S.K.: 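I have a structure here, written as structure tokens, and I will follow up with some questions on it.
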Amino acid sequence: MDRDEQLAGLINSLLAQARRGEIPDLESATARHPDLADELREVWPMAELAECLAPRTQTAMAVGIDAEAQVEFPVEAGRQFGDYILLDQLGEGGMGVVYRARHRTLGRIVALKMIRRGPLATSHDLARFRAEALASAHLDHPQVIPIYEVGEFEGQPYFTMKYVPGCTLASRLTEGPLTARLAARLILEISRAIAHTHAHGIVHRDLKPSNILIDEAGRAHVGDFGLAKRVAIQRIPGESESGRDAGETPSGETYSRQLLERLLPDGAWQSNRSESLTRTGVIMGTPSYMSPEQATGRNSSVGPQSDIYSLGALLYQCLTGRPPFQAASPVDLLLQVLEQEPVAPRMLNPAADAELEMIALKCLQKPPELRYATADDLADDLQAWLSNEPISARSTTILQLINRLFRETHHAVVLENWGLLWMLHSLVLLMLCTVTNWFQWRHIESRLPYLGLWILGLGAWALVFWTLRRKAGPITFVERQIAHIWGASMLASSLLFAVETLLGMPVLNLSPVLPLIGATVFMVKAGTLSGQFYLQAIALFATALLMAEIRQVGLPDLGLSIYGIVSALCFFIPGWKYWRQAQASQRLKAFEELDPSQVRSSQIPVKTDSKRQTTNNEPHRDPITEQPGTTPNVHPRLDQNH
């Protein structure tokens, strides 16, 4: 069985675990097949996403499950449910069902959400449900749908929210693009709400039109915090150490933390390795609106900037009537998010405002540092536009231009695969140039020794280089492009000997052309991978001039040795940087995969919040986590149009 067949078999085995309601044990699979570990980790997130987006009935049929067994816990409208009367069903998603209900004691109308699977819900269904409730319960903002109560009735967990009659942004966009002022006002309101969540250390991670509710007064409300993630923040001045974590919602009602803990089986929040609800390599979010860092499955790098990207995607769709990226399959869509730039909104809708287009495209920059620094900054720009004032997206300083010129692209992550190889390559180049210069000093005029070095020697090293690279994991499309450019430079360098022969020149007479070829390769790398490679290109261009000047003035010909030193440094310095970066990534991944007992006994410092420690001294697990593979809804109508 070849590698592709083995890989396909492992993927199918993991998908079968997911279809049975289990958490796919990726780490166990990689441990059993270490030779396929890197490829499996790279391919699995996309396979998992494609499976999650497949129709439910097809998934059930694929594993021979009775389709009726998928509809686990319907609750009839009109019946009494604890202290509530269920009036009618308003919506349902992959995880939850939401009803319009009346509180019998208070007499108010609420939205009541419960898990579809009911008593059959897995611990991770419950964990996701619990995370959504806790994330919303900590927020107090007029544009965030508030939680009223979290409870359990006859073994069925539920929580209630403010009922907001209206429609989703998704249903509104089915009528076409919004007017410029309406689009700016809605995204302004959403941005202020998201800025509030960020200030409380919560990243939404699933902002999309179906999760935005527009009430009857035309105001926007944010819901569905099922994929929310807690990030480290500075404590807000004046915020209590106990306050809401003790069980008080912003609306003044209470919930029982003990009840929330009881919604999970013992140890569910101390699950380790692949059972962890937040883990590296799992894609979280909705592809059309997720940031490139989300699309790569690098959840440790997902922060507030990812929500700003999604806000830009919402503004883009408000201006054009369609998301920034569309494709026939989830995988193609993810590749567009990673590889391509969105079409300018005015190309799709000539009536779109030019300044709002600039704001949207600034949010949709691939590198997070080129987006707005905060959601409040985005909201300020939208407010400036609504007030007919200058927007910051239009102004660009010299420092910003330099930053854009020398920044890394989203492809730069592949350089972590090359760090050690580039350091080895630098040594090979230094040795090659030094030996060639030594031949020159010995007045060896025959071309055969030089051809042996530059064709056979360099060709053999190229074969070793790519063999080692292939063993490290699958080679990406961008790496193949760079490989072709590198191969062309090697061919051009070797053909210089043929050109010298045809022109009747002495051997190595065209050696100053070598750094020009190398500089051209680094110019391509600068545009594709990182603008920092412009520095290497400049250094090599200067080396070519220096080599020519040395020969012109009659100094001892050390040009090839100088070229070898400069060229070696051009590879060694970034190679060292990205090798260290890869080592740090591996340590982080290893730490994320530690089980709690290992974390407790390790010497790695772990920052925890004392007010969240459990009474039995179990290691802290933040509640704002999630179960991969489903997308819940927090309001009755939030998923109807998705």
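All values reported here derive from a predicted model rather than from experimental measurement.
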S.K.: Check this for me, if you would: do Asp380 and Arg192 make a salt bridge, where the nitrogen-to-carboxylate-oxygen distance has to be below 4.0 angstrom?
M.R.: yes
S.K.: Would you compute the distance between atom OG of Ser13 and atom CZ of Arg32 and round it to the nearest 0.5 angstrom?
M.R.: 6.5 Å
S.K.: Quick one: closest heavy-atom pair of Leu311 and Ile187, and the distance?
M.R.: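 Reported closest heavy-atom pair: O-CG2, 4.2 Å.
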S.K.: Looking at side-chain heavy atoms only, is the closest gap between Ser392 and Asp377 below 4.5 Å?
M.R.: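 With C-beta onward as the side chain, the pair stays apart.
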S.K.: Go through the steps for Glu416 and Val414 under the test side-chain contact (heavy atoms from CB on, under 4.5 Å), then give the verdict.
M.R.: CA-CA 5 Å; Glu416 292 184 10; Val414 304; over 6 Å; no
S.K.: So Phe465 and Val428, do their side chains get closer than 4.5 Å, heavy atoms only?
M.R.: no
S.K.: With side-chain contact (heavy atoms from CB on, under 4.5 Å) as the criterion, how do Leu424 and Trp461 come out once you've worked through the C-alpha distance, each side chain's angles and the decisive distance to 0.1 Å?
M.R.: CA-CA 10 Å; Leu424 295 174; Trp461 165 241; 3.8 Å; yes
S.K.: Quick check: closest heavy atoms across Ser511 and Pro515, and the distance to 0.1 Å?
M.R.: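 Between these two residues, the closest heavy atoms are O-CD, 3.5 Å.
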S.K.: To check you understand the geometry: which heavy-atom pair defines the closest contact between Leu430 and Thr434, and what is its length?
M.R.: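 Looking at all heavy atoms of both residues, the closest pair is O-OG1, 2.7 Å.
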S.K.: Any chance you could measure Leu370, atom CG, to Lys362, atom NZ, to the nearest 0.5 Å?
M.R.: 9.0 Å
S.K.: Less than 4.5 Å apart, any side-chain heavy atom of Cys318 and any of Leu169?
M.R.: yes
S.K.: Using distance only, find each side-chain donor-acceptor pair of residues 477-486 under 3.5 Å and give its atom names and separation, not counting sequence neighbours.
M.R.:
residue : atom : partner : partner atom : Å
Glu479  : OE1  : Arg469  : NH2          : 2.9
Glu479  : OE1  : Thr476  : N            : 2.9
Glu479  : OE1  : Thr476  : OG1          : 3.1
Glu479  : OE2  : Trp418  : NE1          : 2.5
Glu479  : OE2  : Arg469  : NE           : 2.7
Glu479  : OE2  : Arg469  : NH2          : 3.0
Arg480  : NH1  : Ile475  : O            : 3.0
Arg480  : NH2  : Ile475  : O            : 3.4
His484  : ND1  : Arg480  : O            : 2.7

S.K.: Using side-chain heavy atoms (C-beta onward) and a distance below 4.5 Å, is Gln336 in contact with Pro324?
M.R.: no
S.K.: State, with a plain yes or no, whether a side-chain heavy atom of Asp353 is found less than 4.5 Å away from one of Leu319.
M.R.: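 The answer is no, as the side chains (C-beta and beyond) never meet within the 4.5 Å cut-off.
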S.K.: For Leu356 and Leu315, work out which heavy atoms get closest and say how close.
M.R.: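 For Leu356 versus Leu315, the nearest heavy atoms are O-CD2, 3.8 Å.
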S.K.: Should we count CE of Met490 as having more than 12 external heavy atoms under 6.0 Å?
M.R.: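 Check passes, neighbour count above 12.
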S.K.: Using every non-hydrogen atom in the two residues, find where Leu540 and Gly518 come nearest and quote the distance to one decimal.
M.R.: CD1-C, 3.6 Å
S.K.: Taking the side chain as every heavy atom from C-beta outward, state whether Lys208 and Asp206 have any atom pair closer than 4.5 Å.
M.R.: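 With C-beta onward as the side chain, the pair touches.
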S.K.: On a heavy-atom basis, which atom in Ala313 and which in Leu364 lie closest, and how many Å separate them?
M.R.: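 What the structure gives for the nearest pair is N-CD2, 3.6 Å.
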S.K.: Just wondering, do His204 and Leu207 contact through their side chains at under 4.5 Å, heavy atoms?
M.R.: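 Side chain of Leu207 against side chain of His204, heavy atoms only: contact under 4.5 Å found.
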S.K.: When you measure from the side chain of Glu357 to the backbone N and O of Arg346, does any donor-acceptor pair fall under 3.5 Å?
M.R.: yes
S.K.: Compile the donor-acceptor pairs under 3.5 Å between side chains in residues 558-577 and protein atoms, sequence neighbours left out, one pair per line.
M.R.:
residue : atom : partner : partner atom : Å
Ser561  : OG   : Asn437  : OD1          : 2.7
Lys577  : NZ   : Glu408  : OE2          : 3.3
Lys577  : NZ   : Gln532  : OE1          : 3.2

S.K.: Whether the side chain of Arg371 engages the backbone of Gln305 through a donor-acceptor N/O pair (distance < 3.5 Å, no angle test) should be reported.
M.R.: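 Here the side-chain-to-backbone pair exists.
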S.K.: I'd like to check the side-chain contact (heavy atoms from CB on, under 4.5 Å) partners of Met431; sequence neighbours left out, ordered by chain and number.
M.R.: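 For Met431, the residues satisfying side-chain contact (heavy atoms from CB on, under 4.5 Å) (neighbours in sequence not counted) are Val435.
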S.K.: Would you mind listing every side chain to side chain donor-acceptor pair (under 3.5 Å) that reaches into residues 513-523, with sequence neighbours excluded?
M.R.: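 The answer is none; no pair qualifies.
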S.K.: Without hydrogens or angle criteria, can the side chains of Glu293 and Ser306 be said to hold a donor-acceptor pair below 3.5 Å?
M.R.: yes
S.K.: Mind checking the CD1-CD spacing from Ile308 to Gln365? Nearest 0.5 Å is all I need.
M.R.: 12.5 Å
S.K.: So how far is it from Ser493 OG to Leu510 CG, rounded to the nearest 0.5 Å?
M.R.: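 Interatomic distance, Ser493 OG to Leu510 CG, rounded to 0.5 Å: 11.5 Å.
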S.K.: Scan residues 307-325 for pairs that pass side chain to side chain donor-acceptor pair (under 3.5 Å), counting only residues two or more places apart or in two chains.
M.R.: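 Passing the test, one end in residues 307-325: His198-Asp307, Tyr289-Gln317.
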S.K.: Tell me, which pairs form a ring-ring contact (aromatic ring centres under 6.0 Å, His included) where one or both residues lie in residues 526-546, sequence neighbours left out?
M.R.: Trp422-Phe533, Phe522-Phe533
S.K.: Measure the spacing between CG of Leu333 and OG of Ser288 and express it to the nearest 0.5 Å.
M.R.: 4.5 Å
S.K.: CG of Leu421 to CG of Leu468: how many Å apart, nearest 0.5 Å?
M.R.: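 Reported to 0.5 Å precision, the distance equals 5.5 Å.
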S.K.: How about Tyr372 and Ile359: do any of their side-chain heavy atoms sit closer than 4.5 Å?
M.R.: yes
